[in-house]
Asker: 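Below you'll find the structure I mean.
Only a predicted model underlies this, so the values are computations on that prediction, with no experimental measurement involved.
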Amino acid sequence: MRILHTSDWHLGQHFMGKTRQAEHQAFCRWLIEQVHERQVDVVLIAGDVFDTGAPPSYAREQYNQFIVELRATGAGLVVLGGNHDSVAMLGESRTLLAQLDTRVVPAVGNALEEQVLVLERRSGEVGAILCAIPFIRPRDVLQSQAGQSASDKQLSLQQAIQDHYQQLFALAEQRRAELGGGLPIIATGHLTTVGASASESVREIYVGALEAFPTNAFPAADYIALGHIHRPQKVGGLEHIRYCGSPIPLSFDEASQQKEVLLVELDSIGLHQVEALPVPCFQVLHSLRGALADLPAQLVEVAGEGTPELPVWVEVLVSSDDYLNDLQARLATLCEGLPVEVLRIRRERGGTQPGLAREARETLDELNPEEVFDKRLASEELDDDLRRSLQGLHREVLAELREEPA
């Protein structure tokens, strides 16, 4: 059986004043071509289909159009909810989409059997059993207890998530036996695992409760398809536990990554092979760094990858202690006549200036809400446990605000 493992599409992302609509359209077209060419049986999206809980109408249209076009290929689709996705929005169309060979699991429900799916090959034969596990919110599996420390909450949530995986895996084994055995079992997840390498566009989703899920807590599935981390990677060097990463770079620190989707082949014995399919670059991004005098040559170099119709998007990190009020105007002059757009200008932190003087020069667009809160906490004399608890509560509030209420 052939599974195409992908995740973290973030349809509708608004990137520093720019839409990613054209990139996502190009990616969807390319993905449909791969399904055709590789005779894929099922496409699996392991969370974060959308960038926000209330995506723009064009993003919803892209999602629906992809489902229609994928059905014409003969492949099935499984969509898992991520921390960016709205449970209500994904769930509202699941009954309708089931008629188009698309199964949607927006959140963990009370009926465990609804998360155990039987996957079929193009021929109609049963090919695998799937433990379809979306992003797990703490409230889905855990009741808050008064007086718990931050470390106690971490352990409780880790155990609750581990128990959820084990219960689903037991149900999958039972379903396999009912079908006569000889079927591989696949599991999914949308979380951070121990040792995973993230990027700046990845929001911490269990901060204050569970920082990372240990690899040995996963069940003995033949393949574990993970989402949430945007950099493709094996977890702990294990061939069968993988992040496929996002299909397009979602932040400038992802610009140099080769994006990919994973073609996973399984048979009655288990995992046969995993092939990384490189995703073409649909929009060139570059992060430039140096003193102002170094930038003209760098801008000319990256401009060679752009065109007037599709300019290169650039982030500039100026490594200078001199505060220049006209930095933006100077860079605009340097870019005149070049197919380059500077989307973000930052000053490198560090250097010889005293800390308070440097921080006074930072603007809010250089900091995210977590950094602002952490800087405020740093000015208080707090013990480590209380500091972590406050950081966890702050991030949980942010997470609630960032998603549409279910």
Side-chain angles (χ1 to χ4, degrees), residues 2-15 18-82 84-86 89-90 93-94 96-106 122 134 188 190 201 225 227-228 230 232 243-251 254-255 257-264 275-285 309-310 313:
R2 292 187 169 189
I3 307 288
L4 199 58
H5 170 200
T6 178
S7 74
D8 296 274
W9 290 16
H10 290 267
L11 297 177
Q13 190 201 37
H14 192 68
F15 183 69
K18 297 293 183 180
T19 177
R20 317 302 296 275
Q21 183 178 5
E23 294 167 81
H24 280 128
Q25 285 177 335
F27 166 69
C28 287
R29 285 195 300 269
W30 175 84
L31 195 64
I32 292 292
E33 291 172 2
Q34 300 307 306
V35 172
H36 268 298
E37 293 176 11
R38 310 278 180 157
Q39 290 294 287
V40 171
D41 296 301
V42 175
V43 174
L44 180 63
I45 307 177
D48 283 354
V49 185
F50 296 102
D51 191 57
T52 67
S57 59
Y58 73 81
R60 296 187 189 213
E61 186 176 353
Q62 282 183 325
Y63 172 65
N64 293 330
Q65 184 64 32
F66 175 78
I67 290 171
V68 170
E69 293 180 4
L70 182 67
R71 186 173 188 267
T73 69
L77 176 65
V78 178
V79 178
L80 288 307
H84 283 248
D85 295 312
S86 161
M89 197 277 290
L90 276 187
S93 59
R94 63 184 302 190
L96 175 62
L97 296 181
Q99 304 304 310
L100 298 174
D101 299 322
T102 294
R103 285 177 281 186
V104 181
V105 182
R122 288 169 166 268
T188 67
H190 192 88
S201 62
H228 180 59
H230 297 168
Y243 286 102
C244 60
S246 59
I248 67 173
L250 297 165
S251 60
E254 296 178 24
Q257 295 174 17
Q258 173 59 66
K259 295 299 185 179
E260 58 191 43
V261 297
L262 299 175
L263 181 62
V264 183
E275 180 185 357
L277 307 182
V279 179
C281 177
F282 305 112
Q283 169 64 59
V284 180
L285 277 70
E309 297 76 24
L310 195 62
W313 291 350

Asker: Rounded to the nearest 0.5 Å, what's the gap from CD on Gln34 to CG on Leu4? Could you check?
Answerer: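 Separation between the atoms: 8.0 Å.
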Asker: Hey, does Pro232 have a side-chain heavy atom less than 4.5 Å from the side chain of Gln257?
Answerer: yes
Asker: Side-chain contact test, heavy atoms from C-beta onward, threshold under 4.5 Å: evaluate it for Ser246 versus Glu254 and give yes or no.
Answerer: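 Contact flag for Ser246/Glu254 side chains = yes.
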Asker: May I have the step-by-step check of side-chain contact (heavy atoms from CB on, under 4.5 Å) for Leu31 and Val279, ending in yes or no?
Answerer: CA-CA 9 Å; Leu31 195 64; Val279 179; over 6 Å; no
Asker: List the atom of Leu90, the atom of Val104, and the distance in Å for their closest heavy-atom pair.
Answerer: O-CG1, 3.8 Å
Asker: Would you indicate whether the side-chain heavy atoms of Val49 and Phe66 approach each other to under 4.5 Å?
Answerer: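 They are not in contact (no side-chain heavy atoms under 4.5 Å apart), so the answer is no.
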Asker: Nearest 0.5 angstrom please: Gln65 CD to Arg29 CZ, how far?
Answerer: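 It is 11.0 Å, given to the nearest 0.5 Å.
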Asker: Counting distance only, does the side-chain N/O of Arg71 pair as donor-acceptor with the main-chain N or O of Thr102 below 3.5 Å?
Answerer: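 Looks like no, no N/O pair under 3.5 Å.
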Asker: Does the side chain of Leu11 come within less than 4.5 Å of Asp51's, by heavy atoms?
Answerer: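 A side-chain contact under 4.5 Å is absent here.
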Asker: What distance do Ile67 atom CD1 and Asp101 atom CG have between them, rounded to the nearest 0.5 Å?
Answerer: 11.0 Å
Asker: Locate the shortest heavy-atom distance separating Trp30 from Pro278; write the atom from each residue and the value.
Answerer: CZ2-O, 3.2 Å
Asker: Is there a side-chain contact (heavy atoms from CB on, under 4.5 Å) between His230 and His10? Walk through the geometry before answering.
Answerer: CA-CA 11 Å; His230 297 168; His10 290 267; 3.4 Å; yes
Asker: If you take all heavy atoms of Asp85 and Gly82, which pair is closest and at what distance?
Answerer: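 Where Asp85 meets Gly82 most closely, the heavy atoms are OD2-N, 2.8 Å.
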Asker: Is any side-chain heavy atom of Pro106 closer than 4.5 Å to one of Arg94?
Answerer: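 Yes. Closest side-chain heavy atoms under 4.5 Å.
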Asker: Considering non-hydrogen atoms only, spot the tightest contact between Asp8 and Pro247 and give its length.
Answerer: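 Nearest pair, atom of Asp8 first, then Pro247: O-CD, 3.4 Å.
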Asker: Taking the side chain as every heavy atom from C-beta outward, state whether Pro134 and His190 have any atom pair closer than 4.5 Å.
Answerer: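 Side chain of Pro134 against side chain of His190, heavy atoms only: no contact under 4.5 Å found.
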Asker: Examine Trp9 together with Phe27 and report whether their ring centres are nearer than 6.0 Å.
Answerer: yes
Asker: Would you call Lys259 and Ile248 a side-chain contact if the rule is heavy atoms closer than 4.5 Å?
Answerer: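 SC-SC contact between Lys259 and Ile248 ruled out.
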Asker: Going from CD on Glu37 to CG on Leu263, what distance comes out if it is rounded to the nearest 0.5 angstrom?
Answerer: 11.5 Å
Asker: Determine whether a donor-acceptor pair (N or O, by modelled atom type, separation under 3.5 Å) exists between the side chain of Arg20 and the backbone of Pro249.
Answerer: yes
Asker: Can you tell me how far OH of Tyr58 sits from CD of Gln25, rounded to the nearest 0.5 angstrom?
Answerer: 9.5 Å
Asker: Is the Phe50 to Tyr63 ring centre distance short of 6.0 Å?
Answerer: yes
Asker: Would you say that more than 12 heavy atoms from the other residues, nucleotides or ligands in this model lie under 6.0 Å from the CD of Glu61, or not?
Answerer: no
Asker: In the structure I gave you, are the side-chain heavy atoms of Ile32 and Leu70 within less than 4.5 Å of one another anywhere?
Answerer: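 In contact.
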Asker: Of all the heavy-atom pairs spanning Leu250 and Gln13, show the shortest one and how long it is.
Answerer: O-NE2, 3.2 Å
Asker: Quick check for you: to the nearest 0.5 Å, what is the distance between Glu275 atom CD and Arg2 atom CZ?
Answerer: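 Atom-to-atom, Glu275:CD and Arg2:CZ are 8.0 Å apart.
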Asker: May I have the step-by-step check of side-chain contact (heavy atoms from CB on, under 4.5 Å) for Thr73 and Arg122, ending in yes or no?
Answerer: CA-CA 10 Å; Thr73 69; Arg122 288 169 166 268; 4.3 Å; yes
Asker: For the residue pair Ser251 and Leu285, what are the closest heavy atoms and their distance?
Answerer: O-CD2, 4.3 Å
